[in-house]
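Numbering of ligands and ligand atoms starts at 1, following listing order. The shown structure was predicted, so the numbers you read here are calculated from the model rather than taken from an experiment. Numbers for residues simply follow the sequence, beginning at 1.
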Amino acid sequence: MNYSYENLIVEIENKIAIVTLNRPQALNALNKNLLEDLSIFFDEAKSDETIRVIILTGAGEKSFVAGADIKEFANFDGKQGEELAAKAQENVFNKIENFTKPVIAAVNGFALGGGLELAMASHFRIASSNARLGLPEVTLGLIPGYGGTQRLPKLIGKGRAMQAIMTAEMFTAQRAFEIGLVNEIVEQSSLIFRAKEIATKITQNSSTAIKYAIAAINSYDKENGYDVEIKSFGHLFDETDFKEGTAAFIEKRKPNFK
Ligand code: CO8
């Protein structure tokens, strides 16, 4: 697969794709083209067997993503705003949340507005110590439009989400860690190394089981969450990874998942 995009750099090594959002002149703000590139990348990566885990990060040392591109939507009317939000939610944010392979956000600086929403749509987040995370949309007379009003309360609780969105204040990396918005904080120079270390651990496990785990965990706040877990659990007994995993345990060797 030839991953060549205007605003994304994709590097694949040892089944890990490092996807760098690359508009450093605009602090990697999400414009239409960048959202389109992301949508296409995830479509292509879905069936690419050379990719088992995806790491999303931002170009440069200052920013993960400083939000949606404000200059691009400054003249929009209500209909255009609604269309932009609906299309991007479907083609990028929900696609990432429901992606069958793990997506890790390596937040290397500002993650604001659409940038924090992108990190929250990812399966989990680690951050560099200089990261600043927030949803400042109300300072522009808007609310988050890429899923932020829904995903932030799930991750940090309703009261904290209310305060964060109303005040538009940014969380430091330390505060984001304390409230569970990011899983780990590392020095910026070690961020990608640490993300790759976590990704490598994941690649050693059954990708089939992980696919079902993502779907089950994503159902945790839905009415049928336990049913999704039971059905997925049962289904996995019929997969070859289960045979290999249990055989390896009994034979006292490491599993070799395909
Ligand atoms: N959009 C467009 N350009 C941006 C953005 C952005 N979100 N953020 C930064 N830039 C540009 C700046 O305009 C500047 O460009 P130029 O040099 O041409 O003037 C360049 O990036 C560097 O930025 P600064 O000079 O401002 O850098 P500072 O270090 O002084 O400040 C900040 C860094 C604090 C991150 C500051 O840039 C900032 O506040 N950015 C905007 C943050 C923000 O409000 N983000 C939320 C945007 S709204 C949003 O994400 C809504 C999501 C849902 C949309 C739904 C569809 C309608």
Side-chain angles (χ1 to χ4, degrees), residues 5-9 19-39 42 56-97 103 105-122 125 127-156 160-176 181-182 188 191:
Y5 307 97
E6 189 186 334
N7 298 294
L8 281 185
I9 301 168
V19 178
T20 305
L21 286 84
N22 188 32
R23 293 187 72 218
Q25 71 285 4
L27 302 184
N28 308 317
L30 300 171
N31 64 359
K32 213 165 147 254
N33 289 351
L34 178 45
L35 289 167
E36 182 74 15
D37 286 350
L38 278 169
S39 174
F42 278 96
L56 290 181
T57 196
E61 293 181 351
K62 201 167 163 183
S63 178
F64 173 70
V65 173
D69 192 312
I70 300 169
K71 292 165 191 168
E72 203 176 59
F73 67 65
N75 297 319
F76 275 19
D77 62 19
K79 190 163 177 285
Q80 289 170 299
E82 188 175 331
E83 269 171 20
L84 178 68
K87 206 168 154 214
Q89 286 201 20
E90 182 184 340
N91 292 340
V92 178
F93 297 83
N94 296 352
K95 196 183 280 181
I96 292 175
E97 180 166 57
V103 183
V107 178
N108 58 313
F110 289 113
L112 301 176
L116 177 54
E117 291 173 301
L118 183 69
M120 291 194 293
S122 304
R125 295 142 290 287
S128 58
S129 50
N130 66 323
R132 297 285 178 276
L133 305 91
L135 294 176
E137 282 87 345
V138 296
T139 67
L140 300 167
L142 288 175
I143 63 168
Y146 291 153
T149 63
Q150 305 304 299
R151 292 191 179 100
L152 190 63
K154 283 183 196 169
L155 285 166
I156 69 171
R160 286 195 185 109
M162 285 280 188
Q163 185 176 344
I165 289 172
M166 289 177 193
T167 62
E169 280 174 0
M170 296 182 208
F171 294 117
T172 60
Q174 180 59 33
R175 186 65 187 144
L181 187 53
V182 303
Q188 189 172 52
L191 183 69

A.B. asks: So which atom in Y146 and which in A88 form the shortest heavy-atom distance, rounded to 0.1 Å?
C.D. replies: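 Heavy atoms only, the tightest pair is CE2-CB, 3.3 Å.
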A.B. asks: Got a donor-acceptor contact below 3.5 angstrom from the E117 side chain to the G148 backbone?
C.D. replies: yes
A.B. asks: So, does Q188 use its side chain to make a donor-acceptor pair with the main chain of N108 at under 3.5 Å?
C.D. replies: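 Yes, the answer is positive, given that a donor and an acceptor are paired below the 3.5 Å cut-off.
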A.B. asks: Is there a protein heavy atom at a distance of less than 4.0 Å from atom 6 (C) of ligand 1?
C.D. replies: yes
A.B. asks: Would you say E6's side chain and N33's backbone share a donor-acceptor pair under 3.5 angstrom?
C.D. replies: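 No, the answer is negative, given that no donor and acceptor are paired below the 3.5 Å cut-off.
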A.B. asks: Without swapping roles, check the side chain of N91 against the backbone of L35 for a donor-acceptor pair under 3.5 Å.
C.D. replies: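 Not a single qualifying donor-acceptor pair exists.
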A.B. asks: Would you mind listing which atoms of ligand 1 come within a distance below 4.0 Å of any non-hydrogen atom of G113?
C.D. replies: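 Listed by number with element, the hits are 46 (C), 50 (O).
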A.B. asks: Give the residue, atom name and distance (to 0.1 Å) of the protein heavy atom nearest atom 10 (N) of ligand 1.
C.D. replies: A26 O, 3.8 Å
A.B. asks: Would you check whether I70 has a nitrogen or oxygen atom less than 3.5 angstrom from a nitrogen or oxygen atom of ligand 1?
C.D. replies: yes
A.B. asks: Which of the atoms in ligand 1, numbered in the order shown and given with their element, are less than 4.0 Å from a heavy-atom of L112?
C.D. replies: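 Those of ligand 1 that fall under 4.0 Å from L112 are 35 (C), 42 (C).
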A.B. asks: As a test of the contact definition, would atom 45 (N) of ligand 1 count as having a protein heavy-atom neighbour under 4.0 Å?
C.D. replies: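 Yes.
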A.B. asks: Would you mind checking which non-hydrogen protein atom is closest to atom 15 (O) of ligand 1, with the distance to 0.1 Å?
C.D. replies: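 I find the closest protein heavy atom is K71 NZ, 3.5 Å.
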A.B. asks: Mind listing the side-chain donor-acceptor pairs of residues 161-173 below 3.5 Å, one per line with the distance, residues two or more places apart or on another chain?
C.D. replies:
| unit_1 | atom_1 | unit_2 | atom_2 | d |
| --- | --- | --- | --- | --- |
| T167 | OG1 | Q163 | O | 2.8 |
| T167 | OG1 | E169 | N | 3.2 |
| T172 | OG1 | R175 | N | 3.0 |

A.B. asks: For L140, take its heavy atoms, then give the atoms of ligand 1 lying under 4.0 Å from any of them.
C.D. replies: 47 (C), 48 (S)
A.B. asks: Provide, to 0.1 Å, the distance between atom 20 (C) of ligand 1 and the closest protein heavy atom, together with that atom's residue and name.
C.D. replies: Q25 O, 3.4 Å
A.B. asks: With atoms numbered from 1 as shown, which atoms in ligand 1 lie under 4.0 angstrom from a non-hydrogen atom of G114?
C.D. replies: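 Contacts of ligand 1 toward G114, numbered from 1: 49 (C), 50 (O), 52 (C).
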A.B. asks: Give a yes or no answer on whether the side chain of E72 reaches the backbone of K32 with a donor-acceptor pair at less than 3.5 Å.
C.D. replies: yes
A.B. asks: Taking non-hydrogen atoms only, is D69 closer than 4.0 angstrom to ligand 1 via side chain, backbone, both or neither?
C.D. replies: both
A.B. asks: S128 side chain to L191 main-chain N or O, any donor-acceptor pair under 3.5 Å?
C.D. replies: no
A.B. asks: What atoms of ligand 1 come within less than 4.0 Å of a heavy atom belonging to G145?
C.D. replies: 53 (C), 55 (C)
A.B. asks: For ligand 1, which atoms sit closer than 4.0 Å to a heavy atom of K62?
C.D. replies: 27 (O), 28 (P), 29 (O)
A.B. asks: Should you measure from each heavy atom of P136, which atoms of ligand 1 turn up under 4.0 Å away?
C.D. replies: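 Close to P136: 43 (C), 44 (O), 45 (N), 46 (C).
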A.B. asks: Would you verify that at least one protein heavy atom lies under 4.0 Å from atom 36 (C) of ligand 1, or report that none does?
C.D. replies: no
A.B. asks: Would you say D37's side chain and N7's backbone share a donor-acceptor pair under 3.5 angstrom?
C.D. replies: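 Pair found, side chain donor or acceptor close to backbone of N7.
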A.B. asks: Could you say whether the N/O atoms of F110 and ligand 1 ever approach to under 3.5 Å?
C.D. replies: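 Such a contact does not occur with ligand 1.
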A.B. asks: Between the side chain of K95 and the main-chain N/O of S39, is any donor-acceptor distance below 3.5 Å?
C.D. replies: yes
A.B. asks: Nearest protein heavy atom to atom 31 (O) of ligand 1, by residue and atom, and its distance?
C.D. replies: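 In this structure, atom 31 (O) of ligand 1 has L27 CD1, 4.6 Å as its nearest protein heavy atom.
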A.B. asks: I'd like to check the side-chain contact (heavy atoms from CB on, under 4.5 Å) partners of D77; sequence neighbours left out, ordered by chain and number.
C.D. replies: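 Counting only residues at least two positions away or on another chain, D77 forms a side-chain contact (heavy atoms from CB on, under 4.5 Å) with K79, Q80.
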A.B. asks: Looking at CZ of R125 and CZ of F64, how far apart are the two atoms once the value is rounded to the nearest 0.5 Å?
C.D. replies: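 Atom-to-atom, R125:CZ and F64:CZ are 9.5 Å apart.
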A.B. asks: Could you tell me whether atom 17 (O) of ligand 1 has a protein heavy atom closer than 4.0 Å?
C.D. replies: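 Looking at atom 17 (O) of ligand 1, one finds that no protein heavy atom lies closer than 4.0 Å.
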A.B. asks: Do any nitrogen or oxygen atoms of L84 come within less than 3.5 Å of a nitrogen or oxygen of ligand 1?
C.D. replies: no
A.B. asks: Report, in ascending order of atom number, the atoms of ligand 1 lying under 4.0 Å from any heavy atom of E117.
C.D. replies: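 By the 4.0 Å cutoff, the relevant atoms are 52 (C), 53 (C).
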A.B. asks: For atom 26 (O) of ligand 1, is the nearest protein heavy atom closer than 4.0 Å?
C.D. replies: no
A.B. asks: Distance-only, no hydrogens or angles: does the N22 side chain make a donor-acceptor pair with backbone N or O of Y5 under 3.5 Å?
C.D. replies: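 No.
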A.B. asks: Could you report the tightest heavy-atom contact between G115 and L30, atom names first, then the distance?
C.D. replies: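 Scanning both residues, the minimum pair turns out to be N-CD1, 4.5 Å.
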A.B. asks: Heavy atoms only: which of E137, M170, K87 is nearest to atom 52 (C) of ligand 1?
C.D. replies: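 When every heavy atom of E137, M170, K87 is considered, E137 comes closest to atom 52 (C) of ligand 1.
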A.B. asks: Classify the contact between A66 and ligand 1 as side chain, backbone, both or neither, using a heavy-atom distance cut-off of under 4.0 Å.
C.D. replies: both
